[in-house]
Structure formats: C-alpha cells, structure tokens
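Worksheet for the structure shown next.
Only heavy atoms go into these numbers, but all of them, side chains included; no hydrogens, no water, no symmetry mates.
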Amino acid sequence: MRRKLPAIILTVLMGSLLCAAPHTIIKFNGKKDRWSKDAVDFLTGYLTKSTGEKPLLNQKGKAKYTITLEITGDKKGDPETFSLKFPAKDQIVISGATSLAVRHGVCEFLERCVGVRWLYQGKNGEIIPKSKEYKTGSKTITMTPAFAVRSFAFSSQPDRIWSGKHKGIFHYDYTHLPNHPWFHHALWHIVSSEKYGKTNPEFFPIQNGKRMIPAKGYNIFWQHCFTAPGIADAFAREIQAYFKKYPGRYTASFGVNDGSGYCTCERCLSVDKDPRNRVNSYMTCFDQVAKKCWKPGRTFGFLAYGRIRTVADTTKKYHSSLIPFLTYERLYWSDPARKAKDQKETLDWHKATGGNVGWYDYLSYNRFLIPKISLNVTPEALRWGAKNHVKYYYAEAYPGDWHTGPMMTIILKLLWDPQQDVYAILRNWCVDAVGKKAAGHLENYFKLCSDFWEKEVPKTPFFKNPDEKGQQYMNMGNSGYLGSLTVDMLNAMEKELNAAVAKSSGVEKERANMFLSSFKKRLPQLKGYISNSELQKKLAQYKFKTIIKNDFNKRGLWSTWQRTASKGKFYYSADGGVDKSGAMAMDFKHSYKEMVFMRNAKVKPGHVYRATVYARNTDSLPGARMSLRIAWGAKGKSWLDPSLDKSVQVTEDGSYNWQKLTVAAKAPTDEGVFIKLIVSGGNLKEGKVFFDNFTLEEAQP
C-alpha cells in the first residue's frame, strides 16, 4: 500500500517547485533578423541540451544565469567585432555592432564557456557536454577577424551552417556590410546579350575575326570588349540600378566571365599590348565604373586570374574600391619560386589599387584520395597575407565525407587569428574527437597526410611539370599527385587509424572508425595506383595477345568530345596515316583546349591491358600535346576513380614525325568493369593531329 505524504509537506514541495528560479534567462530586445534569430536559436537549443533546461526569453525575475544579447549599433567599428563580458558570475553580456557580430559572440560563448564543439558536419560531429555550469571569467574577451571575408564554396546548406558556427560568413551575410566585397563571375548578366546584343553589338568581343554575340545565358569563354565606346557607362548604369533596387547592399561584383575569350579587336590589343595580359583594358574600364558608382563603404570585387592575374603596369593607380581576388592554391607555396611569385603579385595589386586584397584559394577537395591537409604551408601563407594587406579570403572547399578532419576548423580559426598555434588546434580537435588516449594516433595520421602534401607531392612530375606549374590549382582529375606514394606510407597511416580505433570507446570510437572506414574505402584505389606505376617496369614479363586492332583504313571514327565552346573539327583522313593510310584526325582551328577521340571495350577483371597508338601533329607551332589514356568504368559507374587511370603524353618537338604512345594498366575487379580508351590532342590554337594503328593487348594477371 502506497503511503501518502502529509498535506503540509506536499504543499511545501509544490511551492518550492513553482518558485524555483530558472536556470538561464536570455535577454534580447534588439532588431529581429536572420542573424539575431540564429543567435537566440543557437543559445536556446544548445543550452537546453547541455543543462537539461530550456532558457527563458525576456522573462523578468532572477535566474542562475542571465545572458544579455546587446547590439551596440556602433557604425565606426568593425561590423563583426564582438565582446563577451562577465559583470558578475551569473551575468554574461554578448555584444557587437551588428546582429551578425552578436551571432559570432554566441558561437564563441558556446564553444569557450559551455564546451560545445562542431568537429564536422553530420552525425556525431557535434559535442555538447552535460553541465549545469558555464565556465565564465572576469576578463572581457573581444575578438575582431583578421580577414573580413571568410567564405567557402560549400556544396550544401548544412555545411554552410557548420561554417557559420565557426564564425565563417557567406555572400548572403556580408553583401549587407560595408567593405565586404563580392567578387564572383558576374559581367555576363550585368551587361547581358539579351539586353544589349542588338542595340550595342560593339560591347561584345571579336573572336576569330568575327563579332561574337553570346547566346542567352551563355556565361563562359567570352569577355566584353572593354574598350568599346560607352561600355563603361553601360556597366555603371546597370550597377547604379542594382544599388537602387537593393538599397541595403554595399557591394557588386565585377568578376569576369569564366574561361578566357577576350576581345581581339585592334583597339583592345593596342591598349593591352601583350595579348596574354588583359589587365589594362579591363581595369581602365572598371576604374571608370567604380568612380561613377562608389559611395563610402561600397566595394567592387573581381577575380584576378587568367589573363588579368598579373598587374601589367605597376605605375598605374586604380580606384581603391576595386578589390582583386587572386585565384591561386596557396599549398603551391611549397615551391619557393611560386611562393615568391604569388607574394609579388599580391603586393603589386595592393600598390595598384591602394586598398586591401582578396585571396581565392583551393582547399579540401573530397576527390583527393589522401586527405588534403596542410599544417605548415597554408597557415604560413595566411599569416603572411594578414600582414600584407590580404583582408578577404574565399576558398573552394567541398568536404564531402569530411575525411580532411580538422583542416576546415584550422582554417576558420586562423582567419580570425592567424597567429594561433596550428598544432594546438589539431591536438585539441583530436582529443575532442576520439578522446585523450586515442588522440595522439589520430593526430599522427593527420600529420602524415600533411607531410605527404607538403613534402612528397612537390617531388612529383605532377607538381614540377611546367604545364601544372602554370595552373592556379592542383588538378583533381590528375592522379599524378600520388607519384611519390608508397605502400609503407599507407601502412603507417592505417596503423595510426587502427590504434585510434582500438584506444577509443563509445561515440569517440565511432568517430575514429569514420576516419578508418573512409581511409579503407579509398585504399584499393591508392594501392591500384601504386600497382599500375610498378607495372610499367614489369611489362616484359607479360605475354600479350592483341584483342583490338584499328588501322583506320576504312571510315568509322571513335566517339568524340570537346567543350561546348570549342568548335574544332573531327574527321576521317584517307591518307593522313602512317604510310599515307587512313587515320582519325582533328583540326584545331576554332577549338578550345582539348579534343578527344574515345571508345569503350569489355575487359576481364584483374587482367593487364596494354594500349598503343601512333600520333602525328602538323601545321602548328611546337609544343602541341598528344596523349593516350586508359580509364575505367563499371556497372552503374561511367567512370571509376582517376587514380586507376594510366596515361602517356608526348609533346611536339618541331620534327612533326610520327610518335608511338604506349600505356598499360591492370583492370580493376569491380563488377562489370570495362576499359575506356582515350586519345587526345591539346595545347593547340591551330593545326591538325592524326591517330593511326591503334592496338589493345591483353595479358593474364
């Protein structure tokens, strides 16, 4: 039989429950917008999960903790600077000039005082300690970002939300802030062919001797004629209309269209003098536009890449609201010469505009099989940039399965304070992720990845090749970055990950297993690359038999491919082959970059295949490239990972003789595997390439 509490005791207990002070009251009476909503939602959500009690909003009375969100509205200071103040043990004030600054302050408070961690986006990436106490202090904490733009080309909204919790921002944030430039490809829709194509065809480029009026929505491989009479006025008119339509915005992008396609009219070429550098015509035009459209706080970002990468005349000065974003992979700073070049170009642009500079970087592509970690080179670049007028930072960073672990966290923290100890950030991240006992092993794994990218990749032809050296980023479609990889390196990485799994438990073991599983998923491709590289030295040991032979003496081309903007011609030549026989041919007049012949064939999993073709180039300058590539597909997959590919390339030396290309590779064991045979020509603006006498041979494993 249940005993009943005396009525008086029950009354006292109920009264105490009704009168119990709430754990946390959040006070906020400022302007309600997206940023302040995030700030309140973040606080409410994470404190509820941490303390077990939902904070009250704008309630009167006493609480264990009172958190005041305060927008100061200070227009003179940095719009993202925030402060954490602790007037008393139970009082926290989070303040900033804007609601965005307050949101940053909330995220810092949650990380610093509550212990919340956002390791990576997705399952188990979030850590929320259970506690009734906040780790407050007595000193005021004030933070101002070293880089005003801290933005990334993430592919999903959850990734962007994750970055925001680390105090990153995106264009939908900072276009409303003064001195935060937007800079991406934009010119095609500002002065568009739909609006100006008929009335002002002179605004559009001369290409291949003809006026090119782009099709509606076509935004690559062409630029405006920047010297056309009236074009600066047209751009200024459209930009002024834009600011009138969106009165709360402070920036417009002057980013050129993607690709090249600059105008080759006599006027443009006379202004630029060097057709490889089109800065003079471009900057002269937009200097005028900036002067017509500028007001205090307004900025006009643009992409300094390709033919407008390098300042043509360092004595010329342009409007300080013009902000160049230099597109370059800072991991290339592993090479002292490239480092010096990038530094010089950065300083030249600062001198030319008298203002700050932006960097457009390339970070953690998920398609790189070894996690793209840089614990020394990239942080060094950010420190140098912060001291040398680089105020804005943007990077392409598609994390995918987040196998790059702490790299994005490191970058985001350095963008606020570049002087932070990178290895301390790494260590703390690993402890949070897998616990103290396992952290050292996960830390060692990421250090091995960093050593690979900073020390081993620079040894490869992929890195040293003059063609790659001219690139602005490391080509994710070229697996040559694995050229120095060894089985011993892979074994060392796997050993550290296995140890991290063994020494962790619970959710920490799940995180350790996530990195181990991701590594093992990529291991067959990595070992396949090494195996194919070693195969080239052992071909004499194999007995091959021919399974495909194409002499091209009869009409019948392989399938063809070229870029949409490329207008080269594929054709059959009855007498262009070896000994005046038939051949597949490409005419590169009006082409853009590569032209490709390809065909597929069924193969046996695990067997070795050798392809051979003869190639010849005519009617061009030396330097033309001809290549033969073996790639792979499988059931349900048009292309397997490029690390399994093998290719060979020859460069025209001026002899214009027939050259033999041979390459071999081992077929993967994927279900329904088939071989993709690809021959191509490139680095040509004109001339012809002929291919003849193709054979595919097969050998037992």
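Remark: the Trp359 side chain and the Asp342 side chain contain no N/O donor-acceptor pair separated by less than 3.5 Å. Thr284 and Asp287 are not linked by any side-chain donor-acceptor pair at a separation below 3.5 angstrom, with hydrogens and angles left out of the test. At a cut-off of 3.5 Å, with distance as the only test, no side-chain donor of Ser50 or Tyr134 sits close to an acceptor on the other residue. Side-chain contact, Thr144 with Asp78: no donor N or O sits under 3.5 Å from an acceptor N or O.
Between Glu194 and Lys216 there is no salt bridge, since none of the side-chain N atoms of the basic residue sits less than 4.0 Å from a carboxylate O of the acidic one. Between Asp90 and Lys64 there is no salt bridge, since no side-chain nitrogen of the basic residue lies less than 4.0 Å from a carboxylate oxygen of the acidic one. With salt bridges taken as basic N to acidic carboxylate O contacts below 4.0 Å, none links Arg103 and Asp41. Between Glu126 and Arg117, none of the side-chain N atoms (NZ, or NE/NH1/NH2) sits under 4.0 Å from a carboxylate O, so this pair counts as no salt bridge. Contact check on Glu380 versus Lys339 returns a salt bridge, with a Lys/Arg side-chain nitrogen under 4.0 Å from an Asp/Glu carboxylate oxygen. A salt bridge does not link Lys37 to Asp33: none of the charged side-chain nitrogens sits closer than 4.0 Å to a carboxylate oxygen. The residues Glu80 and Arg150 are annotated as salt-bridged, a charged nitrogen and a carboxylate oxygen being separated by less than 4.0 angstrom. Taking 4.0 Å as the cut-off between side-chain N and carboxylate O, Asp233 and Lys292 count as a salt-bridged pair. A salt bridge links Lys195 to Glu238: one of the charged nitrogens lies within less than 4.0 Å of a carboxylate oxygen.
A cation-pi arrangement is present between Lys165 and Phe42, with the terminal nitrogen or guanidinium carbon under 6.0 Å from the aromatic centre and inside a 45° cone about the axis.
Remark: Lys509 NZ is packed, more than 12 non-hydrogen atoms of other residues, nucleotides or ligands lying under 6.0 Å away.
Not less than 6.0 angstrom separates the ring centroid of Phe170 from the ring centroid of Tyr394. Between His224 and Trp188, a ring centre-to-centre spacing not shorter than 6.0 Å is recorded.
The shortest distance between side-chain heavy atoms of Phe82 and Phe109 does not fall below 4.5 Å. When side chains are defined from C-beta on, Phe368 counts as touching Met476, because their heavy atoms get closer than 4.5 Å. At least one side-chain heavy atom of Trp453 sits less than 4.5 Å from a side-chain heavy atom of Leu331.
Considering all non-hydrogen atoms of both residues, Tyr305 and Gln472 come closest at CD1-OE1, 3.2 Å.
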